[in-house]
Amino acid sequence: MHLYRTHNCNELTKSDINKNVRLSGWVHHRRDHGGVLFIDLRDQYGITQIVFHPENNEMLDIASHISYESVITVTGNVVERSEETVNSKLATGEIELFVSELNIESSAKTTPFQVAESDVVNEDLRLRYRFIDLRREKMRKNIIFRAEVITTIREFMEGNGFHEFQTPILANSSPEGARDYLVPSRIHPGKFYALPQAPQQYKQLLMISGFDRYYQIAPCFRDEDARADRSPGEFYQLDIEMAFVTQEEVFAIVDELMKLVVKKHGKHKLVFEDFPQITFHDAMNKYGTDKPDMRFDLFLQDLTDELSGSECQIFSQGKKPGVAIKAINYPGGAEAPRSFFDGLQTWAKQNGLKGLAYIVFEEGIAKGPIVKFLSENDLTAIKEKTGAKDGDVVFFAVAKWKAACHGLGALRYVLAERMELRDPNVMAFCWVVDFPMYEKEDHSGNIVFSHNPFSMPQGGMKALEEQDPLDIVAYQYDICCNGVELSSGAIRNHQPEIMYKAFEIGGYDRKEVDEHFGHMIRAFEYGAPPHGGIAPGVDRLVMLLADEPSIREVIAFPKNSKAQDLLVGAPSSVMPEQLAELNIRIVD
RNA sequence: GCGGGUGUAGCUCAAUUGGUUAGAGCGCCGGCCUGUCACGCCGGAGGUUGAGAGUUCAAGUCUCUUCACUCGCGCCA
C-alpha cells in the first residue's frame, strides 16, 4: 500500500465499498459524539468523512484531540453509509472510511482564522497567512480556475501557430513609461538591470529575427501604485506579437480567444458576438472614458455648440478654446432625494470638475438652480439633444474637453450604480481604436507621446510631416470589457526614419533617440517585417471571469496595496555585505 | 504625494444620546454525549476597544495627532 494514500479525498464511491484504502489530508472539521467521532478529511480534490469508533478507544481519544488543519494519514475500510446518513453535498457522501490506523503527519497550531468557515477575514491577515487562506474552498477554486484559463490560452495560441518564447527578466532600463524596478549589477559597479515593464522590445526583436507568431504568459514589472484591478509591482500578461499583420488580424485572433475563454470558463453571456470598435475620440465623447462599459446605454452628449452662446455664465465658458459642455441625462432622476444632488457637488470637485450643474424636468417645466439663467432656446436644445423627458435630470460639466468627459464618465457610473445597470452576468468586450499619437501635456504645454512611441502613426511619414501632431492617430488600440482595460496593443513602427521623425515631434532629438533606443533602431535597419501585437492582462481577465472584485483574489501570492509581500517579508533590508558587494550605500 | 472608508477577544461582529463589570457566534481549554455533516449540551480562559494626547464627573462612542489596512485620484509611454 502506498505510504500516504491509495485515493484522494474526492474519489471514493459506492463501488469502493469494503476496500481497504488509505487517505491523507487536512482535518477540515470534526464532530465528536463521545462514542463515535467524525472527521471531514480534506485535500485539494474534496472531502471524505472518516469515522472513529470506540472499539479502538486509544485511537479515538487521540483522534478527538487532533487540531483542525493538522495533516493526517488514515487507513481503513470503505463503508456504505446508511440511507439517512448520506450527505448529498459531498461527492464521497455515500460512503465513509472506517479508520483502523491513524498517523499524524503534521500537527497544526490553532490557525489565525478558520479554513472551514466562510466568514470574510481581514485581508491583511489572509495575506500574512496566505498558505492557510489558499486552503479555503473559494481561493482554491480561483487559483485552479486561473491555471485552467491559462491552459486554454496556451492551447489556443499553439493551435494557431504561435510559439511561446521566454524573454529576459534582467533587462534594460528605459526612460519612457512606468517606473522601473532596478537590479544592481555586481560585475558592473554602478550599473543596473531593470525588470521588464513588458517584453516589448524583445518581442519586436523576435519578429525582426524572423519568427512569425510569438506569445508568452509573461511576467511584467512596474513600480507604480496599486488599484483594485492593478497589482503593484508585478503582473502577468498574455504577450502576443505577429509579423506581416494588419490591425484587423490582431483583433481577429484576440476576438476568437476571448470568446473561447468566456464560453469555456465564464458564466457570463457575451453582449456582443462581434466586438464593436469605437474610436478613442468617440469613446471619450459618448462614454467619458477610453475604456467604455458598453453593458448599458447611457450616453454623454456634447452641447458646446448649442449652449456656449447662452447668457448663463456657467455655459458661456464654453466659448473658451478647448472647453466643452458635456451633458448626461439621468432618466427618472427627479425622484432622487435632495441629498443626492447636494452630495454630488462635493463628488464633482473630487472628480476634476468645478461643480455639477443640473436641471430637473418635472410636470412639464424645468427646475433647478441654473434654470433662471437659461433661455427657452437653451432648454429646447438641451431637451432635444439629451432626450430628457418629464421626471428626468440632466447634469452638465463645463471644463476642458478631457476633464468634462472624464467627469461625466465617472458620473455615468454613479448613475448606473443607482439604476443597477451594470449587469454582473454579462461581458461586453469592445475595441477602442485610433488613439492619438500625441497629446499636449497639461502643465508644460509640450507635445508628448500619449502612448507607445513605437506605434505606427496612421498615414506614416506623410502624416507626421503634414498634420497637426494632435490630430495624428496611431495604429494603437485597446480591448476593454465592462469598463476595464484588458490590454493595449499596436501595429508597430518598423521604419527607422519614421521613428526618428515621430520622436522628433515627441521632443527627442536624433542623439537622444540613439542613446536610449539605438539598439532598437539598429535592428530595424536590417530588414524588419511590418508587425504588431497586443498583451491582454491575464490577472485582470481571470478576475473578470471569476467575478472577483479584486485582482488579489486570483493571484496566489499577491502583494498588498503597498507592494509588500507580508508572507515572506518583502521588500526587506539586506546584509551590509550584500550591499558592499554591489557597491551600494544606503543614504538616509 | 492627495482624498474617502475601516480599525472592539484568535476570527466575524454587537454595544441606545457620552453612563453599571465591553457582549454574542465560531475557534481555544475542560467535561458530557454512538450517526453527525454549521452535531448537541455544560463549564472556563481570553480585551491596553490600533497607538498617543485632549474635552468631560464619566470616552469604544466626541476632538486632535499618529499608525495599519483598504478604495479612489495622481501615476500606470
Side-chain angles (χ1 to χ4, degrees), chain A residues 28-41 47-55 60 64-65 67-69 79 81-90 92-93 96 98 109-129 132-133 174-180 197-198 200 220-233 235 343 346-347 349-352 406-407 410 413 435-439 441-443 448-455 474 476 485 488 490 502-503 506-508 516-517 537 549-550 552 560-562 564 566:
Chain A
H28 184 69
H29 208 265
R30 192 179 53 223
R31 291 172 295 280
D32 185 352
H33 288 247
V36 61
L37 168 70
F38 303 97
I39 285 177
D40 291 335
L41 193 66
I47 285 174
T48 302
Q49 174 166 279
I50 63 175
V51 193
F52 295 84
H53 281 264
E55 281 86 50
L60 177 68
S64 69
H65 287 95
S67 56
Y68 282 2
E69 295 307 310
V79 181
R81 295 209 203 178
S82 67
E83 213 173 301
E84 64 280 7
T85 62
V86 164
N87 184 346
S88 58
K89 286 185 212 156
L90 295 181
T92 61
E96 61 197 13
F98 191 107
K109 299 202 321 197
T110 301
T111 52
F113 52 89
Q114 290 158 254
V115 174
E117 290 290 311
S118 56
D119 275 339
V120 179
V121 180
N122 176 293
E123 198 180 2
D124 193 23
L125 193 71
R126 288 174 57 202
L127 291 181
R128 222 172 268 279
Y129 292 92
I132 297 172
D133 189 42
S174 148
E176 288 283 315
R179 270 188 289 271
D180 284 322
Q197 297 177 21
Q200 183 68 32
C220 303
F221 307 90
R222 294 178 192 174
D223 188 3
E224 297 294 347
D225 289 344
R227 292 288 182 278
D229 64 353
R230 191 169 86 201
S231 351
F235 61 97
T346 320
W347 176 92
K349 289 191 180 73
Q350 287 159 4
N351 282 272
H406 275 150
Y413 287 142
F435 275 85
M437 188 84 188
Y438 302 99
E439 64 189 7
E441 207 174 33
D442 271 344
H443 57 274
V448 296
F449 286 109
S450 65
H451 276 82
N452 189 333
F454 293 103
S455 299
Q476 167 87 41
E485 180 193 318
S488 274
F503 271 107
Y508 295 80
H516 297 307
F517 309 107
S550 159
R552 293 183 296 275
N560 70 6
S561 72
K562 295 238 174 91
Q564 296 163 298
L566 298 173

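Just so we're on the same page: letters track the sequence lines, and every chain starts at 1.
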For the pair made of CD in A:E69 and C1' in B:rC11, what is the distance, rounded to whole Å? 14 Å
Which part of the nucleic acid, if any, lies within contact of A:R552, taking any heavy atom under 4.0 Å across all strands shown: a base, the sugar-phosphate backbone alone, or nothing? sugar-phosphate
Whole-angstrom distance between B:rG25 and B:rU21, as gauged at atom P: 22 Å
Length of the line joining A:I47:CD1 and B:rU36:P, which is rounded to integer Å: 18 Å
Rounded to whole Å, the CD-P distance (A:E441 to B:rG74) equals 15 Å
Measuring only the P atom in each nucleotide, how far is B:rG5 from B:rU63? A whole number of Å is fine. 12 Å
Sugar-phosphate only, base, or nothing, as touched by A:L37 at under 4.0 Å among non-hydrogen atoms: nothing
Between A:E96 and A:A178, which residue's closest nucleotide on RNA chain B lies nearer the 5′ terminus? A:E96
From CZ of A:F235 over to C1' of B:rC75, roughly how many Å is that when rounded to an integer? 14 Å
If we ignore hydrogens and angles and just use 3.5 Å, is the side chain of A:Q49 paired with the main-chain N or O of A:G93 as donor and acceptor? no
Could you go through the salt bridge (charged side-chain N to carboxylate O under 4.0 Å, His left out) check for A:R230 and A:D225 one step at a time? CA-CA 8 Å; A:R230 191 169 86 201; A:D225 289 344; over 6 Å; no
Which part of the nucleic acid, if any, lies within contact of A:Q564, taking any heavy atom under 4.0 Å across all strands shown: a base, the sugar-phosphate backbone alone, or nothing? sugar-phosphate
Taking the same atom, P, in B:rA15 and in B:rC62, what whole-Å distance lies between them? 13 Å
Look at the side chain of A:N122 against the base of B:rG7 and say whether a donor-acceptor pair falls under 3.5 Å; ignore hydrogens and angles. no
Within the modelled atom types, does a donor on one side and an acceptor on the other bring the side chain of A:R230 and the base of B:rG72 under 3.5 Å apart? no
For A:L566 and A:Y68, find the nucleotide of RNA chain B closest to each by heavy atoms; which residue's nucleotide sits nearer the 5' end? A:Y68
Whole Å only: how far is the CG atom of A:D229 from the C1' atom of B:rC73? 14 Å
Count the heavy atoms of every other residue, nucleotide or ligand shown that sit under 6.0 Å from CD of A:E55, and state whether that count exceeds 12. yes
Can you tell which of B:rC37, B:rU12, B:rG35 lies closest to the side chain of A:H33? B:rG35
Taking any heavy-atom pair under 4.0 Å as a contact, classify A:T110: base, sugar-phosphate, or nothing. sugar-phosphate
Using only side-chain N and O atoms of A:K562, determine if any of them is under 4.0 Å from OP1 or OP2 of B:rC69. yes
With sugar-phosphate meaning primed atoms plus P, OP1 and OP2, does A:S174 contact a base, only sugar-phosphate, or nothing at under 4.0 Å between heavy atoms? nothing
Between B:rG72, B:rC76, B:rG35, spot the one nearest the side chain of A:F38, thanks. B:rG35
Got a donor-acceptor contact below 3.5 angstrom from the A:E224 side chain to the A:A178 backbone? no
Student check: side-chain heavy atoms of A:S450 and A:F435 closer than 4.5 Å: no
Any strand is fair game: report the nucleotide pairing with B:rC28 by Watson-Crick or G-U wobble, both distances under 3.5 Å, or none. B:rG44
Who does B:rC69 pair with, Watson-Crick or G-U, both distances under 3.5 Å? B:rG5
Output the rounded distance in Å from CZ (A:R126) to C1' (B:rU12). 14 Å
Close side-chain approach of A:L127 and A:Q564, heavy atoms under 4.5 Å: no
Does any non-hydrogen side-chain atom of A:V115 lie less than 4.5 Å from one of A:Y68? no
Which nucleotide in the set B:rC71, B:rC75, B:rU36 lies at the smallest distance from any side-chain heavy atom of A:Q49? B:rU36
Considering only the P atoms, how many Å lie between B:rU16 and B:rG23, rounded to the nearest integer? 13 Å
For a quick check, tell me whether the side chain of A:H65 and the base of B:rG30 share a donor-acceptor pair closer than 3.5 Å. no
Need one value for A:P453: base, sugar-phosphate or nothing, where a base atom within 4.0 Å counts as base even if backbone is also close, heavy atoms only. base
B:rU34 and B:rC29, which share atom name C1', separated by this distance in whole Å: 24 Å
Just name whichever nucleotide pairs with B:rG19, Watson-Crick or G-U, keeping both distances under 3.5 Å, else none. B:rC57
In Watson-Crick or G-U wobble terms, with both distances under 3.5 Å, the base opposite B:rU49 is none
With distance as the sole criterion, do the side chain of A:E117 and the base of B:rG25 form a donor-acceptor contact below 3.5 Å? no
Rounded P spacing from B:rA38 to B:rG27 in Å: 13 Å
Spell out yes or no: do the side chain of A:R81 and the base of B:rC37 have one donor N/O and one acceptor N/O closer than 3.5 Å? yes
For B:rG7 and B:rU49, measure between their P atoms and round to the nearest Å. 15 Å
Nearest whole Å is fine: how far is B:rU36 P from A:K89 NZ? 13 Å
Check every strand shown and say whether A:V448 touches a base, only sugar-phosphate, or nothing at a heavy-atom separation below 4.0 Å. nothing
Over all strands shown, is A:F449 touching base, sugar-phosphate only, or nothing at heavy-atom distances under 4.0 angstrom? sugar-phosphate
Any idea which of B:rC11, B:rU70, B:rC28 is nearest the A:L125 side chain? B:rC11
Nearest to side-chain heavy atoms of A:Q114, which nucleotide of B:rU36, B:rG27, B:rC28: B:rG27
Send over the distance from A:D225 CG to B:rG1 C1', rounded to a whole Å. 9 Å
Report which part of the nucleic acid A:E123 touches: base, sugar-phosphate, or nothing (heavy-atom distance under 4.0 Å, all strands). sugar-phosphate
Between B:rG19 and B:rG60, how far apart are the two P atoms, rounded to whole Å? 10 Å
Is any side-chain N or O of A:D124 under 3.5 Å from a base N or O of B:rC69, one able to act as donor and the other as acceptor? no
Can you tell me if A:T92 uses its side chain to pair, donor with acceptor, with the backbone of A:I47 under 3.5 Å? yes
In A:I132, A:L566, A:V121, the residue satisfying side-chain contact (heavy atoms from CB on, under 4.5 Å) with A:R126 is A:V121
